[in-house]
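Before any comments, here is the structure.
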Amino acid sequence: MADPKGFMTTPRQEWARRPVEERVRDWDEVYVPGALLPIISKQADRCMDCGVPFCHDACPLGNLIPEWNDLVSREDWKAASERLHATNNFPEFTGRLCPAPCEAGCVLAINQPAVTIKNVECAIADRAWEEGFTPARPPERLSGRTVAVVGSGPTGLAAAQQLTRAGHTVAVYEKDDRIGGLMRYGIPEFKMEKRHLERRIAQILAEGTKFRASTAVGRDISAADLRARYDAVVLATGATAWRELPAPGRELHGIHQAMVYLPLSNRVCEGDLEVSPLSAAGKHVVIVGGGDTGADCLGTAVRQGAASVTQLDIYAQPGAERDEDVEPWPTYPKVYRLSAAHEEARDLRTAPAADADARLFAASTLRFTGDAEGHVRELHLVEVDARREPVPGTDRVLPADLVLLALGFNGPDQEDGLVDQLGLVLQPRGTIARDDGFATNVPGVFAAGDAARGQSLIVWAIAEGRAVAAAVDRYLMGTSQLPAPVAPGDRPMRV
């Protein structure tokens, strides 16, 4: 603990965002470049080095947060990087994309603003790359065993890296034309520039992992061929079967799933397209769904020059403070949060129908109506109560030329035939069933990440990737020294 009074003398200060008017004109990350390092050592000083650090329990990776906070406060960046990478393969991803349940579990958060753990993590990761603290770590010897990983999102990449470093020969199969999964085509550039992903992929390649892009297992290569070719298979395909909205008028043109809209925008940033065929430019946009994917659509539509953007959230607006009776510390509370996209919408007044930040809370879609050409023009909604029952007399109509559905996911997409070809048993909610060792009902086939857990946070995805790697290593070798931070049945802290 570098400064015993740091949490008393230093106020919380977060990584500054660029001015709204500036950042909505480009696709760069929203943060001020270089603004984190001058403040981060003092912010790390605020860590109390608790006797029982609940930030560990709140983080499924078991990150050694007090340790690297102390090292950052002393500006020992090399040692901090070693401690951070001991539990997290991709801290530059989580430092930008994770909602930081560790901060909700910070002991300081009982009655003060939490330590900026996420910012400290990001600063360590970025400094580690700048200083060369993250070299490739190829194995000293090979085991002679082979593993196929299906899916190149955070779970698949973490599993592949761990298994390659353990000496196994690993190939990652990805149905898209580039590696990265949701981080590649689902996460907008303004949340995480793809250079961070490219840098980590280059490291994994240098360690010996092979990548097979544009290869859909079940279609381009059969599941039987994959099982015959490899000693073990890890299914990390993610939960990509999106939820639908069975409302009257859903068949109208101009109503699209968020994960059709967002990848096209990302392809523009990749240089594949000059303009997205689903651009929001000049259109009245309504986003149905109040989660992170909806916020990503919001920020994207603002940058594309939408005439207006409104986001519908079926839940009531949460309060600014934790409700200790319902969600006591150290659980992750549902409180009002202002993402960068919502801050932009608020300042630019993109949604005249909303109160402040483009969100209409406690709002449920009734139906869509369109023009004579069959294109959507209006969304009809109603206010709902806590039981999601309509409140009489609260019907409203919003102009809508483009409607984006961001309602979450039910499990892995089954269109490629992988599930049927393997004969996998599924859970009632559509996820892949597995035992306590991540093994499916098919010998030698394991499942991890959102495909088996259901949609979750990136930090859980990485934790599952590390844990399934340990399970596969044990299956192949009889024992394993790889860390297994979570079990299949583990869940976030709840009351």
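Just so it is clear, the values below take in all heavy atoms, side chains as well, and ignore hydrogens, waters and symmetry mates. It should be emphasised that the depicted structure is a prediction, and the values quoted were computed from it without experimental measurement.
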Open item on the list: Between K78 and E131, does any NZ, NE, NH1 or NH2 come within less than 4.0 Å of an OD or OE carboxylate oxygen?
Closed with: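 The answer is no: the pair does not qualify as a salt bridge.
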
Work out which heavy atom in [X] is nearest to a heavy atom in [Y]; give both atom names and the distance.
X    : Y    : result
T237 : L418 : CG2-CD2, 4.2 Å
G144 : D231 : O-OD2, 4.1 Å
T146 : Y230 : OG1-CA, 3.3 Å

Got a second to check how far [X]'s [atom1] is from [Y]'s [atom2], nearest 0.5 Å?
X    : Y    : atom1 : atom2 : result
M192 : L97  : CE    : CG    : 5.5 Å
I201 : S152 : CD1   : OG    : 7.0 Å
F438 : L235 : CZ    : CG    : 13.0 Å

Tabulate below the donor-acceptor pairs under 3.5 Å that side-chain atoms of residues 484-495 make, not counting sequence neighbours, or state none.
from	atom 1	to	atom 2	distance (Å)
D490	OD2	A487	N	2.8
R491	NH1	P488	O	3.1

TODO: For residues 122-168, pull every pair meeting ring pair (Phe, Tyr, Trp, His ring centres under 6.0 Å), keeping only residues two or more places apart or in separate chains.
DONE: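 Sorted result for residues 122-168: empty, none.
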
Open item on the list: By the ring pair (Phe, Tyr, Trp, His ring centres under 6.0 Å) test, which pairs, at least two apart or in different chains, include something from residues 255-283?
Closed with: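 Of all non-adjacent pairs touching residues 255-283, none passes ring pair (Phe, Tyr, Trp, His ring centres under 6.0 Å).
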
Output side-chain donor-acceptor pairs under 3.5 Å for residues 405-413, partner residues at least two apart or in another chain, one line each.
from	atom 1	to	atom 2	distance (Å)
N410	OD1	R243	NE	3.0
D413	OD1	E415	N	3.1

With sequence neighbours left out, write down each residue that passes ring pair (Phe, Tyr, Trp, His ring centres under 6.0 Å) with [X], or none if nothing qualifies.
X    : answer
F90  : F93
F54  : W329
Y475 : F446
W15  : Y31

Task: Atom CG of D176: over 12 foreign heavy atoms under 6.0 Å - done: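 Buried by this count: over 12 neighbours within 6.0 Å.
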
- [ ] Answer yes or no: are there more than 12 heavy-atom neighbours, outside E140 itself, under 6.0 Å from its atom CD?
- [x]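 It does not: E140 CD has 12 such atoms or fewer within range.
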
- [ ] Can you spot which of R23, R96, R195, K191 makes a salt bridge (Lys or Arg N to Asp or Glu O under 4.0 Å) with E29?
- [x]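 Per the salt bridge (Lys or Arg N to Asp or Glu O under 4.0 Å) rule, the option paired with E29 is R96, out of R23, R96, R195, K191.
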
Task: Qualifying residue, where the test is side chain to side chain donor-acceptor pair (under 3.5 Å) with H196 and the options are K194, E198, R199 - done: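 Per the side chain to side chain donor-acceptor pair (under 3.5 Å) rule, the option paired with H196 is R199, out of K194, E198, R199.
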
TODO: Can you sort out the partners of R229 under salt bridge (charged side-chain N to carboxylate O under 4.0 Å, His left out), two or more places apart, ordered by chain and number?
DONE: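 Scan of R229 (salt bridge (charged side-chain N to carboxylate O under 4.0 Å, His left out), adjacent residues dropped) gives none.
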
Is it the case that the side chains of [Y] and [X] hold a donor-acceptor pair, with the cut-off being a distance below 3.5 Å and no angle test?
X    : Y    : answer
H253 : E373 : no
Q203 : T134 : no
D220 : T215 : no

Task: side-chain contact (heavy atoms from CB on, under 4.5 Å) partners of A306, counting only residues at least two apart - done: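 If we apply the side-chain contact (heavy atoms from CB on, under 4.5 Å) test to A306, skipping adjacent residues, the hits are A280, V285, A301, V309.
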
Task: Residues forming a side-chain contact (heavy atoms from CB on, under 4.5 Å) with R178, sequence neighbours excluded - done: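 Partners of R178 under the side-chain contact (heavy atoms from CB on, under 4.5 Å) test: R184, Y185, R267, E270, D272.
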
Open item on the list: With salt bridge (Lys or Arg N to Asp or Glu O under 4.0 Å) as the criterion, how do R377 and D371 come out once you've worked through the C-alpha distance, each side chain's angles and the decisive distance to 0.1 Å?
Closed with: CA-CA 6 Å; R377 293 303 176 205; D371 58 22; 2.8 Å; yes

Open item on the list: Enumerate the salt bridge (Lys or Arg N to Asp or Glu O under 4.0 Å) contacts for residues 232-241, please, sequence neighbours excluded, ordered by first and then second residue.
Closed with: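 Output for this query is empty, none listed.
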
TODO: Among P60, C98, C59, P101, find the residue that satisfies the side-chain contact (heavy atoms from CB on, under 4.5 Å) test when tested with W460.
DONE: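 The single option meeting the side-chain contact (heavy atoms from CB on, under 4.5 Å) with W460 is P60.
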
